[in-house]
Amino acid sequence: MDFLSNFYVALQAGFAQFVAATALPLLLYFLLINSSYLGLVLLAGIKFVKHLRRASFSLDRTVAASPLTPSVSVIMSAFNEEAVIVSSVRSVLDLRHPHHELIVVNDGSTDATLQALIDGFGLVNDTRPIALTIPLLGSIRGVWTSPHANLRLTVVDSDNSGKTDSINCALNIARNDLIAIVDADSILDPDALIKVSQPFADDPDRVIASGGVVRVANGSQVLNGRVVNVRMPSRLLPQIQAVEYLRAFLLGRAGWSQLEALILISGAFGMFRRDVVMAIGGMDTSSIGEDFELVMRMHEWMRKQTNKYRVVFVVEPVSWTEVPETFSALARQRRRWHRGLWEVLWKYKRMSFNPRYGVVGMLAVPYYWFFELLAPVLEIAGLIIVPLGLVLGVIDPVYVVFFILIAYVYAVIVTLAAMVIEEASFHRYDHWSDLWKALFSAVAENFGYRQLTAIWRVQGWWQAIRGREASWGEMNRSGFNVQPAGKQSL
Amino acid sequence: MLSLTVADPEEIEHLIDQIKSLRIFARQQALDISFRMLAEVSGESQRNLALLMTELGAVQKAFTRARSKDSVRRARAAELLGLVNPVGAVDALITLSSDSNREVRMVATRALGRTDTQLAIRQLERLFQQPRSVPSWISGSALLDTASPVDFELSKYLGHPSPVVRQNAVTIASLMPRSDTGLLLGRCLLDDPDRLVRVMAARALGRVQMRVGVEPLTTAALSDPHKSVRIAATQALAQLPSPWTSDALVYLKSPKMDPAVQRAALPAPHGV
């Protein structure tokens, strides 16, 4: 008995010392992370106010009609997308833009993706040679193209070698000024290309990359490859992700863009200057966070060239994507994202706190290290330390309740700010029930979801450190809520 | 509002009176709707909506707001003046196109393209040479929008220090060709130090379809130091009438050429 009570006293004393030593750094971290969120909210607010004030004299129509608008090659990698590929391709071809082409790479699909494309668009075999300026991992099995000059579609059939290699394959064929990388399962807004290419036209010397807001399509109605009725998903898991996406894009990226320090453009929709992407050798096929890696490499290359440049974020919704509806798919996705984040940050560690890289090196990259990569570790540590401290009686319960309340209320406020901005700017949700769902999700994500994603993110990081092979895994899609043609309303 | 856009001349007055008799908020809404519709319609509908804007005092207000301290108001005023094009709009827009705010300058420049007077064209040509003031694609697009014939002198822009101006100039020149355009584009293709300008010059030569372009295109396709120019020149050659280019293309299709150039020289496959 004495041994146990001595052990308990020693444990209590040791733990009390540990808590005393870590309390101040943790509090400081907490203050810093929340202040940075607040800073980003304010910066995003400035960007959105500017955007709203400009809405009445938008230059979209001029971009859409001008022969001086930079041409765009849209690149789409497809793996086993037989069910959606024809409508996806059609919706991209129908996008409003004066000069765009689409290059689809069939990444060794085992279903009838290629045949669906050949039949759907009447493609013919194109035997002309291809220069492989960027070396490929997989070989090209054939190229198919539209025989009609006004249907600018090329399909490359290649061995299964991954998304990044497929994009490189398309880069070898693309000839337009800009490239836009889109996912085959994404739905693009009709003006997506116009909105995201305008910064390149406005500032052609300096803009090298741009991205727009990616929104969650689960629950929304889709007609002819277009989102026609925006709704919140019916299930809680995608609902929370819809709110998460709003926050990440509307606040995070808009805020960083306002600081001219955007280092991440979503792989679901990003536009880049082709000559710059070619000059840096295309996509890194070994990276699992390929979208992040590409932008970081562009930053590094441009700084080395000592050219003035900009990476721009367009605050308009341009792309819609389906998010995981099951915990297992979500876990895989979050592990992969965090693993990608770690790999890229580690690869470009020389940029951290390096004044040579300006705001990117001094602010954005350190932010991603401390508040994106490290945050889940600290969150999990808190989940272990706080209950243990309470059991051992070394942490004041009032302090814990106060701390948790502030942390979670603050998180809800940040999310609400994103939703207010969304509603004030775009008013995409017409139904009150959707707004209530979003509000509920903003609160609900703090009870279980945040903690689970923190665990998955740490798992992803751990897998990367241990050198386990990266895998994309398969996401079982439930498919978009496609409205039957008969139900189309005027 | 819909009735107004398709109304016959004798109905317009009555419809405008109806809108005038609306409450202030509804009237404001009618103005907002017509403002948005004006950019999308043309002909009679545009004239009817412009008349409504004038009758409701929006045009007069726009002239006043063109001098507002608020840049958004000035930009909106510029947009409206360009859409309605009342007497005095060109002078106001020329002033706004040199505004201290970049956004206002951009909107005013675009609006100038709708006004269609020689005064506006001269201002657009001036703006085109000042890409730091207004992006040259906007002033260039406005030049292309004007209904009056524009005598676009490419030679004035080929020595411009900004490659972006030169790029846009060669494209505009190919869309408003003069007798010397082919010759000037050919020189630009061979001599310009910027590879993107040379690419644009090659594309422009493909567009103008002048025989004088064959020689510089062939030279560029064979010997330009940059691959993208060689490809663009080959593609342009392939667009020209085959009797002019068959010899050059036979050579460019040969296996000793870069595969990308070969691909550009070969005709795209046709359906069965």
Side-chain angles (χ1 to χ4, degrees), chain A residues 49-71 98-99 121-133 143-149 151-152 154 172-177 197-207 273-275 278-279, chain B residues 32 35-36 39-40 70-72 75-76 78-80 102-104 106-107 110-111 113 131 135-142 144-145 162-164 167-168 171-172 174-175 195-196 199-200 203 207 227-228 231-232 235 253 255 257-272:
Chain A
V49 167
K50 278 186 188 168
H51 174 78
L52 275 182
R53 282 165 64 88
R54 283 183 202 135
S56 59
F57 48 83
S58 148
L59 291 160
D60 287 1
R61 282 187 302 274
T62 313
V63 181
S66 175
L68 303 180
T69 301
S71 55
H99 191 76
F121 297 96
L123 304 180
V124 293
N125 199 1
D126 181 350
T127 53
R128 292 176 296 169
I130 295 166
L132 298 181
T133 312
V143 179
W144 299 79
T145 191
S146 167
H148 309 291
L151 186 68
R152 294 164 185 266
T154 304
N172 283 316
I173 290 177
R175 288 287 161 258
N176 285 342
D177 309 322
S197 66
Q198 196 192 319
F200 293 92
D202 285 347
D203 196 357
D205 282 339
R206 295 197 303 157
V207 176
R273 236 171 68 184
R274 188 174 66 88
D275 58 336
M278 294 302 280
Chain B
D32 285 344
F35 181 62
R36 284 167 199 275
E40 307 289 346
D70 182 350
S71 60
V72 173
R76 270 182 74 94
E79 182 84 329
L80 193 137
R102 187 172 190 255
E103 214 103 41
V104 177
M106 284 160 71
V107 177
R110 176 178 65 176
S136 69
W137 77 271
I138 292 182
S139 42
S141 302
L144 288 167
D145 277 348
S162 163
V164 178
Q167 277 173 45
N168 285 329
T171 306
I172 295 171
S174 69
L175 296 164
R195 72 176 171 81
L196 287 175
V199 168
M200 291 298 177
R203 288 180 190 169
R207 210 174 291 127
K227 189 172 166 180
S228 59
I231 294 167
Q235 276 173 333
K253 283 175 206 167
M257 297 305 294
D258 182 291
V261 173
Q262 281 181 56
R263 183 178 170 81
L266 286 160
H270 295 283
V272 178

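All figures in this text were calculated on a predicted structure; none of them were measured in a lab. Chain A is the first sequence line, chain B the second, and so forth, proteins listed ahead of strands; every chain is numbered from 1. Values below: every heavy atom of this structure, side chains too, minus hydrogens, waters and symmetry copies.
Of the listed residues Ala142(B), Gly113(B), Ser141(B), the one with more heavy-atom pairs under 4.5 angstrom with chain A than any other is Ser141(B). Across Ala260(B), Pro255(B), Pro131(B), the residue that shares the most heavy-atom pairs under 4.5 angstrom with chain A is Ala260(B). With respect to chain A, the highest number of heavy-atom pairs below 4.5 Å among Gln262(B), Glu40(B), Arg110(B) belongs to Arg110(B). Of the listed residues Asp145(B), Asp258(B), Ile231(B), Val261(B), the one with more heavy-atom pairs under 4.5 angstrom with chain A than any other is Ile231(B).
Formation of a donor-acceptor pair under 3.5 Å by the Arg263(B) side chain with backbone atoms of Ile130(A) is not found in this model. The backbone N or O of Ala65(A) lies less than 3.5 Å from no partner atom in the side chain of Thr69(A), so there is not a single donor-acceptor pair. Side-chain N or O atoms of Thr133(A) include none that pairs as donor or acceptor with a backbone N or O of Asn172(A) at under 3.5 Å.
In this view, Arg206(A) and Asp203(A) satisfy the salt bridge (Lys or Arg N to Asp or Glu O under 4.0 Å) rule, not counting sequence neighbours. Remark: Arg207(B) pairs with no residue by the salt bridge (Lys or Arg N to Asp or Glu O under 4.0 Å) rule, at least two apart or across chains.
For chain A, the nearby part of Lys227(B) is the side chain; its heavy atoms alone come within less than 4.5 Å. When heavy atoms are compared at a cutoff of 4.5 Å, Ala78(B) does not approach chain A at all. With a 4.5 angstrom heavy-atom cutoff, Leu175(B) touches chain A only via side-chain atoms. Heavy atoms closer than 4.5 Å to chain B are found in the side chain of Ile173(A), but not in its backbone. Contacts between Leu196(B) and chain A at a heavy-atom distance below 4.5 Å involve the side chain alone, from C-beta outward.
Residues Trp137(B) and Val63(A) approach most closely at CH2-CG2, 3.3 Å, considering heavy atoms.
Ion pairing between a basic and an acidic side chain is recognised when a charged N comes within 4.0 Å of a carboxylate O; Asp177(A) and Arg203(B) show such pairing.
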